[in-house]
Protein chains: 2
Amino acid sequence: MMLTRVSHFSGEDLVAAKRRATSQDVAARAGVSRTTVSLVLNGVPNVRISEKTRARVFLASQELEYYPDAAARSLVRGLTQTLGVILCQTPDRIFADAFLPEVLRGIGEAAQGNGFRVLLQSVEDITRPAAYLHLVREKRIDGIILSGPRADDQQLLRLREEGFPVVLLGQLEGSGIPFVDVDNIAGAKRGAEHLLSLGHRRIGLITNAPLHYTASAQRLLGYRQALEEWGIGFDSSLVRYGDFHEESGKKAMAQLLDLSPPPTAVFVASDLVAFGAMEAIKSGGLRIPQDTALVGFDDVPLARYVDPPLTTIRLPAYELGARAAAMLLDMIQAKKDGEGLLLDTELVVRESCGLRAREAMLIE
Amino acid sequence: MMLTRVSHFSGEDLVAAKRRATSQDVAARAGVSRTTVSLVLNGVPNVRISEKTRARVFLASQELEYYPDAAARSLVRGLTQTLGVILCQTPDRIFADAFLPEVLRGIGEAAQGNGFRVLLQSVEDITRPAAYLHLVREKRIDGIILSGPRADDQQLLRLREEGFPVVLLGQLEGSGIPFVDVDNIAGAKRGAEHLLSLGHRRIGLITNAPLHYTASAQRLLGYRQALEEWGIGFDSSLVRYGDFHEESGKKAMAQLLDLSPPPTAVFVASDLVAFGAMEAIKSGGLRIPQDTALVGFDDVPLARYVDPPLTTIRLPAYELGARAAAMLLDMIQAKKDGEGLLLDTELVVRESCGLRAREAMLIE
DNA sequence: CTGAAAGCGCTTACAG
DNA sequence: CTGAAAGCGCTTACAG
């Protein structure tokens, strides 16, 4: 039996045989052992290997187009250099989808920058016992970014107990699990403040979703805080509830317009819901922003395209992904504990709030 | 040295030690060899193993919560059970992003149904020599779905030569590489025919992009074919060019409206561009569909939300992903050759074309 | 400064 | 019907 299987093959033979080069081949060509090849190519520190030897190894590796086999490396290292991204189908899917490409781009770039890959898994029913646990058990991933976490997810709690690195995109209150999320309170506060600063005092609120959604309750809170700081009492008759969808905004806005007097401005805590609100305003023969000023939340790609372009609070989708990945990589590589991270939003002023129109008047 | 390292451990010991069970552990608990464990758990056919033995193996495997190590399995089998999805940044990113979640869902479900995983890689510059080749060389994936292929991509041609399974999402004309794409010609033809059937004879066209984009040229062709079949001459003065973005639609439509007489209907070969066209029509004081009827292409999520809701040609995003994955899996598993597959579009009638309004009139 | 050898956890001829 | 043994391609103590 032949122990050093192919060390007598030349690079040309390899190509002819369409066989990938192994570290054995590189070692043979460079005239060193596999140990040395591994040490050099992985840049292991505190190892005394002459520059000449290193150069020979690098050269041989290039000539043979050597790429280390990922499976072999994973097997011996116990690490895969792969992040698992678990996407859960939640009722706000339409909303989440609008940001998915940006979030994935953020995750991907942070991962790539650290030599990691991204394994993507969409899960319909996250509470199914083995929805994504097998990825961990089969050692396909070194850590998880979980989007749309749920409190009744048993796998999540179990992985957490075992100390497996997990970062949530979104929050699971009281769970103590590291997360990256938007600062919904501050964002909503800024949105309401913008309308207040424009002189509005009777400002309605249409939530993005029912209040049992964390983000929804937080955005309501931010709106209240803004009113309070400006010395304006909270009036629950000015609050209506959206449910992620455009239709709910239409209805909610119609109700607000029926009040007497109706609000002069409305903060809608979701762009999609705001699009519905815009329809209701227009079909009532009113103008935006002259009769009803509007500020949305999220800055979905289409917010700039609607008529009038929607002033809104930008959710930092790319950064959400990038920071989640960075945190997870820290947990994996530096064995750091994760934390809870709230990202700042940004006010994007377009036409629907009325600021631009006012500026134009002042200039004229 | 201990060869059978832990075969004397019980399941409880494993849990206490927080060590994953190996096939060795399962073998020990079931009182058989690792060979038998592998044969039973993998359901290898034409192997005579008693039902009793099989049952013991399954039981032991369950009790120990055994999951085969993916790296070890890949190493010996030479297969990863993983599909690589490569996303290239092309100028139509905003457009492609709108469909990405659905496409990924389609790919994911087809993959999962066959026991495969999905590795996602976003690539800014696809022509960079090692943009995604390393995934193949390191044996991280068994096949590739490439979205947004380019003719100057050297890696692609090389992989193709080597016989590595690749399916394009989109086409690379003349390359002979298997692909899944939308039937743009038929789709555009249907869109134009719809307007013809509503009585329009002077129908403008705004393309989705410059004509050197395959999809753009194809959609123009479909529009021409429809006109010809209805005996209407092609009039190039009725054609304007979009560039993926909304703004281009605004300009193009303004030019069409300046014609005398202006077209009574316009087929816009992209929803996003159509949104711009809608703005131009409205800001010109005209009504949709009474003064200018409109049909778009793509059916982006927001097409139903604009005012009026846009009649459009639906691009089957989920199916695009699912079929590409299915084809790739066939190539990997059954060693089949891939083919070129054009998926049908669907006319989605909403308000902008005028059919609904006409139906309502007939009923009244 | 460098190499021989063990071992990661599987699968698969091969032998009985 | 079942098991002992080789081997997939790496990394990493360990020895010199």
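Everything quoted here is computed from the prediction, not taken from an experiment. The figures here come from the full heavy-atom set of this structure, side chains too, leaving out hydrogens, waters and symmetry mates. In what follows, chains carry the letters A, B, and so on, assigned in the order in which the sequence lines appear, proteins first and then strands, with residues in each chain numbered from 1.
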Interatomic distance, B/Phe179 atom CZ to B/Leu169 atom CG [nearest 0.5 angstrom] | 11.0 Å
To the nearest Å, how far apart are B/Glu138 CD and D/dG9 P?
-> 15 Å
Between D/dC10, D/dT11, C/dG3, which nucleotide gets closest to the side-chain atoms of A/Arg20?
-> D/dC10
Given D/dT2, C/dC10, C/dT2, which nucleotide is nearest the side-chain atoms of A/Thr53?
-> C/dT2
Please state how far atom NZ in A/Lys139 lies from atom C1' in C/dC8, giving the value in whole angstrom units.
-> 8 Å
Just how far, in rounded Å, is C1' of C/dA13 from CZ of B/Arg34?
-> 15 Å
Presence of salt bridge, B/Glu109 and B/Arg105, under 4.0 angstrom = no
Whether B/Ser74 side chain and B/Leu79 backbone form a donor-acceptor pair below 3.5 Å | yes
Go through the steps for A/Glu63 and A/Arg29 under the test salt bridge (Lys or Arg N to Asp or Glu O under 4.0 Å), then give the verdict.
-> CA-CA 9 Å; A/Glu63 288 175 337; A/Arg29 176 172 263 258; 2.3 Å; yes
Check every strand shown and say whether B/Val44 touches a base, only sugar-phosphate, or nothing at a heavy-atom separation below 4.0 Å.
-> nothing
In Watson-Crick or G-U wobble terms, both distances under 3.5 Å, what is the partner of C/dG3?
-> D/dC14
Nearest-neighbour nucleotide for the B/Thr36 side chain, C/dC10, D/dG9, D/dG3 considered = D/dG3
Rounded distance (Å) that lies between atom C1' of C/dG16 and atom CD1 of B/Ile49 = 15 Å
Rounded distance in Å - CG (B/Leu64) to P (C/dG9) = 14 Å
With heavy atoms under 4.0 Å as the rule, sort B/Ser38 into base, sugar-phosphate or nothing.
-> base
Minimum-distance nucleotide to B/Thr35 side chain [options: C/dC10, D/dC10, C/dA13] = C/dA13
Check the side chains of B/Ser38 and B/Thr35 for a donor-acceptor pair under 3.5 angstrom, ignoring hydrogens and angles.
-> no
Tell me what B/Arg73 touches on the nucleic acid: a base, only sugar-phosphate, or nothing, going by heavy atoms under 4.0 Å.
-> sugar-phosphate
With the threshold set at 4.0 Å, does a side-chain nitrogen-carboxylate oxygen contact exist between B/Glu138 and A/Arg117?
-> yes
To the nearest Å, how far apart are A/Leu39 CG and D/dA13 C1'?
-> 11 Å
Taking D/dC8, C/dC10, D/dT2 as options, the one with an atom nearest any side-chain atom of B/Leu75 is D/dC8
So, is B/Tyr66 near the phosphate of C/dC10, with a side-chain N or O under 4.0 Å from OP1 or OP2?
-> yes
Look at the side chain of A/Arg77 and decide which nucleotide, out of D/dT12, D/dA5, C/dC10, has an atom nearest to it.
-> D/dT12
Can you figure out which of C/dG3, C/dC10, D/dG3 approaches the side chain of B/Ser33 most closely?
-> D/dG3
Closest to the 5' end of DNA chain D, once B/Arg48 and A/Ser23 are matched to their nearest nucleotides, is B/Arg48
Selection from D/dG9, C/dG3, D/dT12 that lies nearest to any side-chain heavy atom of A/Ala72 = D/dG9
Looking at the side chain of A/Asp69, which of D/dT2, C/dT2, D/dC10 is the nearest nucleotide?
-> D/dC10
Closest listed nucleotide, where the reference is the side chain of A/Asn42 and the choices are C/dC10, D/dT11, D/dT2 = D/dT11
Give the rounded distance in Å between these two atoms: CG of A/Asp25 and P of D/dG9.
-> 9 Å
Nearest whole angstrom, please: distance from the C1' of C/dC14 to the CG of B/Asn46.
-> 17 Å
